[in-house]
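Residue numbers count from 1 along this sequence.
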Amino acid sequence: ERKCRRATEDVSRAEEALEVERESREKIEREVRTLRLEAQAHVHDQGDADRREEQFVKQTEELDRLRKRVGELETISKELAHEVKEKNSELIEVKADLEEKDKD
């Protein structure tokens with residue numbers, strides 16, 4: 001009878017130990033799932049950050065290209081303004097010559 005009681009107690013302790021082990025394993029599995037989800041979210045966020053950085057680089061390159069083009073257009077505009085001044089001066093001279101001839 002003592003052996004039977006002792007065996008029953010041993011079985012009960014073993015069952016309790018198994019239950020504690022099962023709960024511990026479940027807790028660890030929950031933590032692992034949580035960590036995996038956090039890692040996936042981090043990878044997703046990192047991917048978004050990489051895409052934003054790539055877009056920023058492209059936009060910066062486009063901005064530099066547009067600034068260069070604006071500089072070229074400003075140069076062309078200045079050259080055209082100079083040509084217009086020269087043509088106006090020529091026209092004024094021609095007009096003055098024509099008026100002089102008309103007087104004669």
Side-chain angles (χ1 to χ4, degrees):
E1 195 176 301
R2 272 166 86 176
K3 285 184 180 180
C4 187
R5 198 177 319 139
R6 189 176 290 163
T8 301
E9 289 171 357
D10 288 346
V11 167
S12 291
R13 282 193 296 273
E15 286 175 342
E16 288 173 9
L18 282 173
E19 182 63 22
V20 168
E21 178 64 29
R22 184 186 62 76
E23 289 173 357
S24 176
R25 186 173 359 113
E26 288 175 354
K27 181 180 176 186
I28 290 170
E29 288 172 353
R30 282 192 303 273
E31 289 175 5
V32 166
R33 280 193 299 273
T34 299
L35 289 173
R36 281 186 181 146
L37 290 173
E38 288 173 0
Q40 287 174 348
H42 177 72
V43 167
H44 181 71
D45 290 346
Q46 185 61 44
D48 287 347
D50 290 346
R51 282 188 291 282
R52 284 192 301 272
E53 182 178 353
E54 184 178 314
Q55 185 179 11
F56 175 77
V57 168
K58 286 181 181 178
Q59 289 173 338
T60 301
E61 290 170 351
E62 179 68 7
L63 183 60
D64 290 344
R65 188 186 68 74
L66 290 172
R67 282 182 178 150
K68 181 179 176 184
R69 184 65 181 143
V70 165
E72 292 169 354
L73 292 173
E74 286 175 344
T75 300
I76 291 170
S77 176
K78 287 176 185 176
E79 291 171 355
L80 289 174
H82 182 71
E83 286 181 32
V84 167
K85 278 185 178 181
E86 287 179 354
K87 294 294 181 189
N88 273 343
S89 295
E90 290 175 17
L91 285 173
I92 290 171
E93 288 176 21
V94 168
K95 184 179 177 187
D97 288 346
L98 287 173
E99 287 175 353
E100 194 66 34
K101 287 182 182 178
D102 281 344
K103 287 182 183 178
D104 292 340

Exercise for review: Spell out, as yes or no, whether a donor-acceptor pair under 3.5 Å connects the side chain of Thr34 to the backbone of Arg30.
Suggested key: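 Yes: the side chain of Thr34 pairs with the backbone of Arg30.
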Exercise for review: Answer yes or no: is there a donor N or O on one side and an acceptor on the other, between the side chain of Ser24 and the main chain of Val20, under 3.5 Å?
Suggested key: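 Pair absent, no side-chain N/O of Ser24 close to backbone of Val20.
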Point to revise | Check against salt bridge (Lys or Arg N to Asp or Glu O under 4.0 Å), Lys27 and Glu23 | key: CA-CA 6 Å; Lys27 181 180 176 186; Glu23 289 173 357; over 6 Å; no
Check your understanding: Is the shortest distance from a Lys or Arg side-chain nitrogen in Glu62 or Arg65 to a carboxylate oxygen in the other one below 4.0 Å?
Key -> yes
Review point. Between Glu1 and Arg5, is the closest basic N to carboxylate O distance under 4.0 Å?
Key: yes
Exercise for review: Go through the side-chain N and O atoms of His82 and Glu86 and say whether any donor and acceptor fall under 3.5 Å apart.
Suggested key: yes
Review point. Is the CZ atom of Arg36 crowded by more than 12 outside heavy atoms at less than 6.0 Å?
Key: no
Point to revise | Any Gln40 side-chain heavy atom under 4.5 Å of Val43 side chain | key: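 No, side chains not in contact.
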Point to revise | Pairwise side-chain contact, Leu35 with Glu38, heavy-atom cut-off 4.5 Å (strictly under) | key: yes
Practice item. Start with the C-alpha gap between Glu16 and Arg13, add the side-chain angles, then the distance that decides, and say whether salt bridge (Lys or Arg N to Asp or Glu O under 4.0 Å) holds. Key: CA-CA 5 Å; Glu16 288 173 9; Arg13 282 193 296 273; over 6 Å; no
Going from [atom1] on [X] to [atom2] on [Y], what distance comes out if it is rounded to the nearest 0.5 angstrom?
{"X": "Lys87", "Y": "Leu80", "atom1": "NZ", "atom2": "CG", "answer": "12.0 Å"}
{"X": "Asp45", "Y": "Arg52", "atom1": "CG", "atom2": "CZ", "answer": "8.0 Å"}
{"X": "Gln46", "Y": "Glu53", "atom1": "CD", "atom2": "CD", "answer": "8.5 Å"}

Review point. Looking only at heavy atoms, which two atoms of Arg51 and His44 are closest? And how far apart?
Key: NH2-O, 4.4 Å
Point to revise | Glu99/Lys95 under side chain to side chain contact (heavy atoms under 4.5 Å, CB included): CA gap, chis, key distance, verdict | key: CA-CA 6 Å; Glu99 287 175 353; Lys95 184 179 177 187; 3.3 Å; yes
